[in-house]
Protein chains: 2
Amino acid sequence: MAADTNSIDKRTPVTRRRDKDKTIAALKRAARQQLILEGGTGLSIQPILNMAGVSRGALFHHFPTKNHLIAAAFFDLMDDMAERLGALGEALREGSIGRSDFVERVRDAYCSDIFVGSMDIAVKTRAEPELRALVDEGVDDWYVVLAAFWQDTFELPGFGGAEADQHWVMASNLLRGHAFASIYRSTPEIRRAFCASFEEMILAQAVIKPLSPQNG
Amino acid sequence: MAADTNSIDKRTPVTRRRDKDKTIAALKRAARQQLILEGGTGLSIQPILNMAGVSRGALFHHFPTKNHLIAAAFFDLMDDMAERLGALGEALREGSIGRSDFVERVRDAYCSDIFVGSMDIAVKTRAEPELRALVDEGVDDWYVVLAAFWQDTFELPGFGGAEADQHWVMASNLLRGHAFASIYRSTPEIRRAFCASFEEMILAQAVIKPLSPQNG
DNA sequence: TACAAGATACCGACTAGTTGGTATGTAAGA
DNA sequence: TCTTACATACCAACTAGTCGGTATCTTGTA
């Protein structure tokens with residue numbers, strides 16, 4: 001009935017991006033952003049789509065479920081975090097920053113949106129097995145990267161291998177715990193006190209590994 | 001139309017509890033349970049009502065919003081946690097448990113559902129100002145309780161007041177960080193290693209305060 | 001170079017279900 | 001009879017995910 005007139009005149013052809021990589025990147029970036037802004041609880045699809053400027057169809061074309069997107073965003077977060085720490089380690093080893101600067105910046109990295117956002121996901125996985133299954137592997141990787149970061153940056157003279165490992169595990173525990181507390185309360189004094197204590201408790205016995213071995 | 005026949009015959013008068021305190025307690029208990037089971041994300045009203053055996057109307061009669069209930073449940077969790085720690089402190093001081101036992105049990109308390117559940121809420125508040133406003137005060141209290149717990153249990157000879165405070169803050173950071181990591185991975189070895197390290201890093205310089213001063 | 005055929009990227013209306021919260025009514029106790 | 005403590009039906013907003021269809025790119029053929 002009324003076929004011709006009914007044929008919708010809103011034929012706005014809609015230019016499409018048609019760039020897989022960019023679309024996926026935009027989705028992941030938006031998911032990260034939303035995760036940081038809204039936390040794990042309020043992380044829903046529509047705002048991500050709006051922020052990314054991508055349609056629902058495109059999202060589900062590239063990711064089978066929302067959780068797959070979240071997991072992908074999570075991996076990106078962890079990669080960023082690893083990169084950030086790695087750069088700090090190098091800076092310390094090449095001498096462009098000092099010990100205290102190093103500690104402060106590592107602390108800041110842990111208390112940053114990047115890491116706190118990842119905590120959101122970590123907590124989320126506790127009750128969501130599907131998300132957890134997707135993320136699990138990445139967490140394993142993260143702990144490996146983390147251990148390597150400390151071991152590459154510092155020597156612990158007189159420590160056995162397992163002993164040293166455990167030392168850095170405790171360092172990570174301190175940073176994690178402090179970062180978590182910082183969600184609630186973070187003042188310059190707390191920050192300063194933490195960094196001082198951390199240096200004393202963790203790095204007192206540690207020797208910085210020189211960056212270029214042939215230079216030592 | 002058909003007024004009489006339409007008048008639903010499922011007039012089961014439904015016996016009512018009519019016990020304010022019990023109803024509220026049931027709601028809070030159910031909320032706690034759901035929080036532990038489902039985490040902050042999946043924490044919705046209907047399952048809480050089912051578990052508590054309470055109607056929607058009753059919930060919103062006693063709590064203006066869902067967040068008020070969550071906050072109340074959160075406070076209960078923290079109270080339990082405080083009580084649990086307090087008991088451990090006393091047990092140590094009266095000599096019924098040893099140092100290592102004490103450390104293990106404090107660790108276990110932190111890694112228990114109680115504390116991990118509270119972490120869920122803590123993370124949730126990051127992006128939910130309304131919930132945060134309700135919970136904030138309780139968190140302040142918690143930190144006070146926590147500080148008191150350590151100070152009441154141990155003496156730190158040679159430490160200044162601020163120095164001692166900071167020492168216990170770091171102890172809490174360690175426990176928090178470890179508890180958080182335990183969401184993902186928790187093995188007997190990790191537990192043992194943590195407890196050993198904790199005792200060494202935190203309690204090496206600490207002296208247990210005797211329980212009854214007139215006995216010292 | 002031209003054009004057809006097929007694959008891939010994408011769009012947005014729609015569905016089925018859930019959410020927190022409310023309006024209205026009713027039973028119990030003072 | 002009046003208040004408090006509850007119960008139930010309902011609502012608007014939002015949820016993740018699907019589906020039919022469309023735009024664009026790629027590749028094979030002439």
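Naming convention: chains lettered A, B, ... in sequence-line order (proteins, then strands); numbering from 1 in each chain.
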In terms of side-chain heavy atoms of [X], which of [options] is nearest?
{"X": "Arg56(A)", "options": "dG21(C), dC10(C), dG12(C)", "value": "dG12(C)"}
{"X": "Ser44(A)", "options": "dT15(D), dT19(C), dC10(C)", "value": "dT15(D)"}
{"X": "Ser55(A)", "options": "dC10(C), dG17(D), dG20(C)", "value": "dC10(C)"}
{"X": "Thr23(B)", "options": "dC10(C), dG20(C), dC6(D)", "value": "dC6(D)"}
{"X": "His61(B)", "options": "dG17(D), dT4(D), dG21(C)", "value": "dT4(D)"}
{"X": "Phe60(B)", "options": "dT18(D), dT22(C), dC10(C)", "value": "dT22(C)"}
{"X": "His62(A)", "options": "dA5(D), dC10(C), dG17(D)", "value": "dC10(C)"}

Take the protein atom [atom1] of [X] and the nucleotide atom [atom2] of [N], then report the distance between them rounded to whole Å.
{"X": "Leu49(B)", "N": "dT22(C)", "atom1": "CG", "atom2": "C1'", "value": "14 Å"}
{"X": "Leu59(A)", "N": "dG12(C)", "atom1": "CG", "atom2": "P", "value": "14 Å"}
{"X": "Gln46(B)", "N": "dC10(D)", "atom1": "CD", "atom2": "P", "value": "15 Å"}

For this session: Could you tell me whether Asp120(A) and Lys124(B) have a side-chain N and a carboxylate O separated by less than 4.0 Å?
Result: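 Salt bridge: no.
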Exercise. Between atom CD of Gln166(B) and atom CD1 of Ile190(A), what is the distance when rounded to the nearest 0.5 Å?
Worked result: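 If I round to the nearest 0.5 Å, the distance is 9.0 Å.
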